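These notes are about the structure you will find just below.
The figures here come from the full heavy-atom set of this structure, side chains too, leaving out hydrogens, waters and symmetry mates. Since the model is a prediction, treat every value here as computed from it, not as a measurement. Each chain gets a letter, A, B and so on, in the order its sequence line appears, and its residues count up from 1.
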Amino acid sequence: MALRFYNTLTQSVDAFVPADGRTVRMYTCGPTVYNYVHIGNLRTFTFQDLLRRWLAARGLVLDHVMNITDVDDKIIRKAMEQGKTITEYTAAYEKAFLEDAATLRLQRPERLVRATEHIPAMVDIIEGLKQRGLTYESEGSTYYRISRFPEYGKLSRIDVGGMRAGARVDVDEYDKDNARDFVLWKARKDDEPYWDTALGAGRPGWHIECSAMAMQYLGSTLDIHAGGIDLTFPHHENEIAQSEGLTGQPFARFWMHSEHLIIDQTKMSKSLGNIYTLRDLLAMGYTPEAIRYLLASVPYRKKLNFTLDALAAASASIDRLRSFKLRLETDRLPDSTQAGLLERTAEALRQFEEALDDDLNTAEALGAVFELVRDANTGMDAGELGRGNAGPLAEFLARFDAIFDVLRPTVAEGAISDAEVDALIAERTQAKRSRDFQRADAIRAGLLEKGVVLEDTKDGVRWKRK
RNA sequence: GGCGCGGUAGCCAAGUGGUAAGGCAGAGGUCUGCAAAACCUUUAUUCACCGGUUCGAAUCCGGUCCGCGCCUCCA
């Protein structure tokens, strides 16, 4: 079956083809850079990365825009507390975010755009909405009147409280009947940062930046709009109201929302002190690949129960895959081809692809990978796996790793070099020849302390980084 | 209260009508100077619970219990 995704808008799994058949116009809600991103944020970004990679693997061209929210209440408050401008304040966290993303091997979107650099585009949209009678002003701020947008609530299926399309709203009852109206432009307040615009001095509301940047770069209808599930309401609902209110066109064809990550079966919260940043986990000694693997291994629409045990298990799973790859590359294989295994490899690839086509079912895809690894290992143990099998197997691993990207170890700064490892292995081999097992074992133990694991095989010594 | 998601072995988790994938952990074995890696055997007669539909249900329907998210800023 073809590529298909769950679409929040239709509440069903629908076949996905970009509108023009080739280029995926995708917008994802990026971070608000007021702090380090935490592991929950990273789950969402990892999902988006997997989505990107799978779309590309399926031959589609990506035009992916991710925003960076660099102006909002929290940013303003914190910047003011520290006596900094908001740009000074956000620059450090934006840099940290990009570093964290790179550490987790998240591909850079085609465009990474900042809210503060798109104020004019936001003002244009608000002016357009104003002309269409979808807004009203109050004390210098501009609001969206959702009662004028009959489809309000269609994404989140929120109950807008008996409001009828086209119903007249008594201005006096404004507060009650329009509780869900939201601000498009906030009037300048005290000494907070502001922009002088046709809407008056002020700053944008949160939702408008996404409508503005998405449409500026990708046009009025996106193929995919993705984000965390909590953004469904009100953020994405409001984006729809803003964008469709202006253009009359569907804003996004597919809405994809990733479920939350929970820690030890409970919600992350400051009071429980269970919020991890990537930096926290790395400091505890976990590898970026293990973190990436764990985040990727649970399908994105399922809550992911993040535990340190699961992280350790992820690490062990990666070791198994790496051992297999190393073995495939170093074992002396017979000059033959085992037909059955060739077919198994092709079958595993089909299963892998079918699983990811099916709304990115990463758990099922991994199942296909491990089953093949077991069968191939068995084949090597039996001496039946030949050189003709190695190529397709290596190709399979490459296809797997093009999505999961966990086989390459992250080599820490100051780590022992390959040359040093090779020299020590040569010394150990000498020691073994002269039956000096004590010396040999000492070298092996020393290397293990430096994160290098040795394996003696009938075809010689091989090693890998842990 | 409204809307939505979920409860599958010690842990993570796939499976949406045909008789329980996969990973981790555990036990035993093979191999090995010792390890490591790998392989083999083993670990859920059962899928929160109770009814129902069906030749047949983890999968469909009804009900109950439990956990979680959104409805206010939130990935």
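In this structure A57(B) sits in no base pair that meets the Watson-Crick or G-U test at under 3.5 Å. For C68(B), the paired base is G4(B) (Watson-Crick or G-U wobble, both distances below 3.5 Å). Both distances falling under 3.5 Å, in either a Watson-Crick or a G-U wobble arrangement, occur for no nucleotide opposite A9(B). Across all strands shown, C31(B) forms no Watson-Crick or G-U wobble pair with both distances under 3.5 Å. U46(B): no Watson-Crick or G-U partner with both key distances under 3.5 Å is found in any strand. With both pairing distances under 3.5 Å, G17(B) is matched to nothing as a Watson-Crick or G-U wobble pair.
Closest to the Phe233(A) side chain, of the nucleotides A14(B), G33(B), C71(B), is C71(B). Comparing G69(B), A75(B), A13(B) by their closest approach to the side chain of Ala363(A) singles out A13(B). With A75(B), A36(B), G4(B) as the choices, the nucleotide that has an atom nearest any side-chain atom of Gln11(A) turns out to be G4(B). For Pro234(A), taking side-chain heavy atoms from C-beta onward, the closest of the listed nucleotides C73(B), C24(B), A37(B) is C73(B). Distance from the side chain of His38(A) is smallest for A75(B) among the nucleotides G33(B), A75(B), G15(B). Relative to the side chain of Ala316(A), the nucleotides G33(B), C39(B), A25(B) differ in distance, and A25(B) lies closest. Checking C12(B), C74(B), C24(B) against every side-chain atom of Ala313(A), the shortest atom distance belongs to C24(B). Side-chain proximity of Lys302(A) to A37(B), A75(B), A14(B): nearest is A14(B). Ranking C24(B), A75(B), A37(B) by closeness to the Ser317(A) side chain, first place goes to C24(B). Comparing A14(B), G22(B), C68(B) by their closest approach to the side chain of Lys303(A) singles out C68(B).
Salt bridge absent: Asp72(A) and Arg203(A) never bring a charged side-chain N and a carboxylate O closer than 4.0 Å.
Leu261(A) comes within 4.0 angstrom of a nucleotide base, judged by non-hydrogen atoms across all strands. Looking at heavy-atom distances under 4.0 Å, Asn305(A) makes contact with sugar-phosphate atoms alone, never a base. At a threshold of 4.0 angstrom between heavy atoms, the contacts of Arg439(A) with the nucleic acid are absent. Among the atoms of the strands shown, only primed sugar atoms or phosphate atoms (P, OP1, OP2) are found under 4.0 Å from some heavy atom of Asn377(A). In this structure, Glu371(A) reaches the sugar-phosphate backbone alone: every heavy-atom distance under 4.0 Å involves primed, P, OP1 or OP2 atoms, never a base. Contact annotation for Lys432(A): base contact, defined as any heavy-atom pair under 4.0 Å involving a base atom. At a threshold of 4.0 angstrom between heavy atoms, the contacts of Gly40(A) include nucleobase atoms, whether or not backbone atoms are also involved. If you check every strand for non-hydrogen atoms under 4.0 Å, Pro31(A) touches nothing. Counting non-hydrogen atoms under 4.0 angstrom, His235(A) reaches nothing in the nucleic acid. Within 4.0 Å (heavy atoms only), Gly367(A) reaches at least one base atom of the nucleic acid. The residue Leu231(A) sits close only to the backbone: its heavy atoms come under 4.0 Å of sugar-phosphate atoms, none of a base. If you check every strand for non-hydrogen atoms under 4.0 Å, Ala310(A) touches nothing.
G18(B) and U59(B): their C1' atoms are spaced 11 Å apart (whole Å). Distance noted for atom P between A25(B) and G6(B): 29 Å (whole Å). Atom P of A44(B) sits at a distance of 33 Å from the matching atom of U64(B), rounded to the whole Å. Straight-line distance between the C1' atoms of C40(B) and U45(B): roughly 24 Å, to the nearest whole Å. Distance noted for atom C1' between G63(B) and A27(B): 42 Å (whole Å). For the P atom pair drawn from C47(B) and C11(B), the interatomic distance equals 16 Å after rounding to whole Å. With both ends at atom P, the span from A20(B) to A58(B) equals 9 Å, rounded to whole Å.
With hydrogens and angles ignored, no donor-acceptor pair closer than 3.5 Å exists between the side chain of Ser323(A) and the base of A37(B). Residue Arg444(A) places a side-chain atom within donor-acceptor reach of the base of A35(B), judged by atom type and a 3.5 Å distance cut-off alone. Counting distance only, with no hydrogens placed and no angle test, the side-chain atoms of Asp456(A) and the base atoms of C34(B) include a donor-acceptor pair under 3.5 Å.
At most 12 non-hydrogen atoms from other residues, nucleotides or ligands lie less than 6.0 angstrom from OH of Tyr194(A). Within 6.0 Å of atom CD in Glu449(A), 12 or fewer heavy atoms from other residues, nucleotides or ligands are found, so the atom counts as exposed in its surroundings.
Classified by interplanar angle (parallel below 30°, tilted 30° to 60°, perpendicular above 60°), the ring pair Tyr293(A)/Phe404(A) is tilted. Classification of the Phe251(A)-Trp255(A) ring pair by plane angle, with boundaries at 30° and 60°, yields tilted. Ring geometry, Phe254(A) versus Phe16(A): the interplanar angle exceeds 60°, so the pair is classed perpendicular (tilted spans 30 to 60°).
For Trp463(A), no side-chain nitrogen or oxygen approaches OP1 or OP2 of A36(B) to under 4.0 Å. Side-chain nitrogen and oxygen atoms of Thr378(A) include at least one within less than 4.0 Å of the OP1 or OP2 phosphate oxygen of C40(B). Contact check, Arg157(A) against C71(B): no side-chain N or O comes under 4.0 Å of OP1 or OP2. Dashed line: the shortest gap from a side-chain N or O of Arg374(A) to OP1 or OP2 of G22(B) is under 4.0 Å. Between Arg462(A) and A36(B), a side-chain N or O to OP1/OP2 separation shorter than 4.0 Å is absent.
Comparing Ala368(A) and Arg43(A) against RNA chain B, the residue whose closest nucleotide sits nearer the 5' end is Ala368(A). In terms of position along RNA chain B, the nucleotide closest to Glu364(A) lies nearer the 5' end than the nucleotide closest to the other residue of the pair Asp381(A) and Glu364(A).
In this structure, the aromatic ring of Phe437(A) is positioned over the six-membered ring of the base of G33(B), centres within 5.5 Å and planes within 30°. Ring stacking holds between His260(A) and A75(B), with the centres under 5.5 Å apart and the planes within 30 degrees of each other.
For the salt bridge (Lys or Arg N to Asp or Glu O under 4.0 Å) test with Asp49(A), the passing option among Arg108(A), Arg292(A), Arg43(A), Arg105(A) is Arg292(A); the others fail.
Of the N and O atoms on the side chains of His236(A) and His207(A), not one donor lies less than 3.5 Å from an acceptor on the other residue.
Tyr34(A) does not carry Lys78(A) over the face of its six-membered ring by the limits of under 6.0 Å from the centre and within 45° of the normal.
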